[in-house]
Amino acid sequence: MIVSLMAGALLLGPPRLDDAALAIVNASRDMLAKASSVSGTAVQEASGRKTTYKFRLMRPNYMDIVSSSVEYHSDGETLYFYMVGNKQYQKMAARKEGQVMMLNGFQPIVGAKMPEIKEAESATFDGKAAVKAKLPGNPQVAQYLYIDKKTKMPLGWSQTYSGQTMEFKYSGVKLGEKMETSTFAWTPPADAEVYKQPDFMASLLKEGADAPDFSNDTTGGTKVSLKETLGKSKALLLNFWFYG
Amino acid sequence: MYKGLKAQGMEYISVNQGDSAEVINKYVKESNFEFPIVMDKKGADIAKMYGVMAYPTNYLIKDGKVVARFVGFDEAGMKAAIRKMGFTVD
């Protein structure tokens, strides 16, 4: 699977500069910037797992994004992030505008700045003639936005990192529907609790405990042993990291 | 910071958990690290032994014992602890 994806990437190469495709990206942005609202469905597919989100956005900062596992709500004042499974939520002040997550392509609806797109080309997405536009960001993560050539509507987006691809597909998208601000009111269920950050110190070895030895390979092809390194130094800083 | 500490006799071991060698090497190149990165095994054996649940986590070790632990980017806290151990940091 990974091999075939990589071979595909090599054959296709990076998107080329295509003025006609870029014009469609800009037309989509201008069309959405004039719309007051959007609603629809976004299906996320990653590692063969599908998650369906129902979404509504209304200018300037109203939002509902709801799946069976997570919910995001903004009533214009407060932003809630609710984890359905463990009934925990985070609550924060809503941004005045430009607040949206995971709905790439629809940012202009809520006045959010669209990422600057410099590369776009023709492609097919979900069986439709589309423009594939490269989203800027972390160079290790390839993100592409797909826009319908005919309707100028975002069709979805994809992200590839370390050979793993995640894709969002939009469907049933309606632009400019009349929505009442009162319908965005949301409060957590009565039995829900505020999310507490786990105590990441609790599981660590206590001060004064013996530092367990290890001997592992390094990226340089050598082996590093804690005991040996300690033996030739006064003290040691042991750092654990993970880029993600 | 680490260069000055090495000269004073403090060694540094950096353990990466879970990134591919490709990602590590790219990151190392970009950040101009001058030391090898220890790759934790697939089951994250070292991280497990040290109870690491979040990244970054740092341990200060002396005479085979844990002196201090830090979760997150706590540079001020780390510098203070390193000074307490008798090292000089700016």
Side-chain angles (χ1 to χ4, degrees), chain A residues 1-3 5-6 9-10 137-142 159-165 195-244, chain B residues 1-2 5-6 8-28 30-31 33 35-41 44-72 78 81-82 85-87:
Chain A
M1 182 61 182
I2 289 166
V3 170
L5 274 173
M6 285 173 70
L10 287 174
N138 185 337
Q140 295 183 32
V141 184
Q159 174 179 304
T160 303
Y161 171 66
S162 276
Q164 303 281 324
T165 297
Y195 170 74
K196 280 186 229 58
Q197 180 151 328
D199 179 7
F200 296 118
M201 295 292 280
S203 59
L204 299 180
L205 298 175
K206 302 284 173 283
E207 286 159 8
D210 288 328
D213 189 27
F214 56 83
S215 177
N216 273 50
D217 293 332
T218 69
T219 48
T222 54
K223 253 193 186 326
V224 163
S225 137
L226 180 83
K227 221 172 173 180
E228 267 176 40
T229 313
L230 275 171
K232 60 180 184 193
S233 60
K234 285 187 200 157
L236 185 135
L237 178 61
L238 179 62
N239 160 254
F240 292 87
W241 66 285
F242 173 55
Y243 193 75
Chain B
M1 169 166 139
Y2 301 120
L5 286 170
K6 194 177 163 73
Q8 297 171 59
M10 179 176 283
E11 280 292 329
Y12 178 71
I13 296 182
S14 180
V15 180
N16 178 280
Q17 200 256 299
D19 288 320
S20 67
E22 190 191 348
V23 169
I24 297 173
N25 282 329
K26 195 166 172 185
Y27 187 78
V28 166
E30 280 164 11
S31 7
F33 281 174
F35 33 80
I37 307 290
V38 172
M39 292 187 291
D40 208 350
K41 295 196 183 98
D45 299 349
I46 307 176
K48 236 181 237 170
M49 283 195 302
Y50 282 82
V52 175
M53 306 283 275
Y55 298 88
T57 287
N58 286 284
Y59 273 93
L60 280 166
I61 299 167
K62 198 180 177 184
D63 301 325
K65 308 262 187 218
V66 172
V67 177
R69 320 97 86 218
F70 307 91
V71 174
M78 267 169 61
I82 290 169
M85 291 167 79
F87 293 87

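Just so it is clear: chains get the letters A, B, ... in the order the sequence lines come, proteins before strands, and each one is counted from 1. Below, each value reflects all heavy atoms present in this structure, side chains not excepted, and no hydrogens, waters or symmetry copies.
- Contact of the Val71(B) side chain with the Leu204(A) side chain is registered, since non-hydrogen atoms from C-beta on lie closer than 4.5 Å.
- For the options Ser203(A), Gly231(A), Ala235(A), heavy-atom pairs under 4.5 Å to chain B are most numerous at Ala235(A).
- Of the listed residues (Asp213(A), Leu226(A), Asn216(A)), just one forms a side chain to side chain contact (heavy atoms under 4.5 Å, CB included) with Ile46(B), and that residue is Asn216(A).
- A distance of 5.5 Å separates CG of Leu237(A) from CD1 of Ile82(B), quoted to the nearest 0.5 Å.
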Derivation and outcome, side chain to side chain contact (heavy atoms under 4.5 Å, CB included), residues Phe214(A) and Asp40(B): CA-CA 10 Å; Phe214(A) 56 83; Asp40(B) 208 350; over 6 Å; no
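- Evaluation of the ring-ring contact (aromatic ring centres under 6.0 Å, His included) rule for Tyr59(B) yields Tyr50(B) as partners, not counting sequence neighbours.
- When each of Met10(B), Gln8(B), Lys62(B), Glu11(B) is checked for heavy-atom pairs under 4.5 Å with chain A, Glu11(B) comes out on top.
- Each of Ile13(B), Leu60(B), Val67(B) was checked for a side chain to side chain contact (heavy atoms under 4.5 Å, CB included) with Leu236(A), and the lone residue meeting it is Ile13(B).
- Contact record, Gln17(B) with Phe242(A): O-CD1, 2.7 Å, taken as the closest heavy-atom pair.
- Both the backbone and the side chain of Met49(B) have a heavy atom closer than 4.5 Å to some heavy atom of chain A.
- Of the two parts of Leu230(A), only the side chain, counted from C-beta on, holds a non-hydrogen atom closer than 4.5 Å to a non-hydrogen atom of chain B.
- Side chains of Val66(B) and Lys206(A) form no contact here, defined as non-hydrogen atoms less than 4.5 Å apart.
- Heavy-atom pairs under 4.5 Å with chain B peak, among Ser233(A), Pro212(A), Gly221(A), at Pro212(A).
- Annotation: salt bridge (Lys or Arg N to Asp or Glu O under 4.0 Å) contacts of Glu207(A) (sequence neighbours excluded): Arg69(B).
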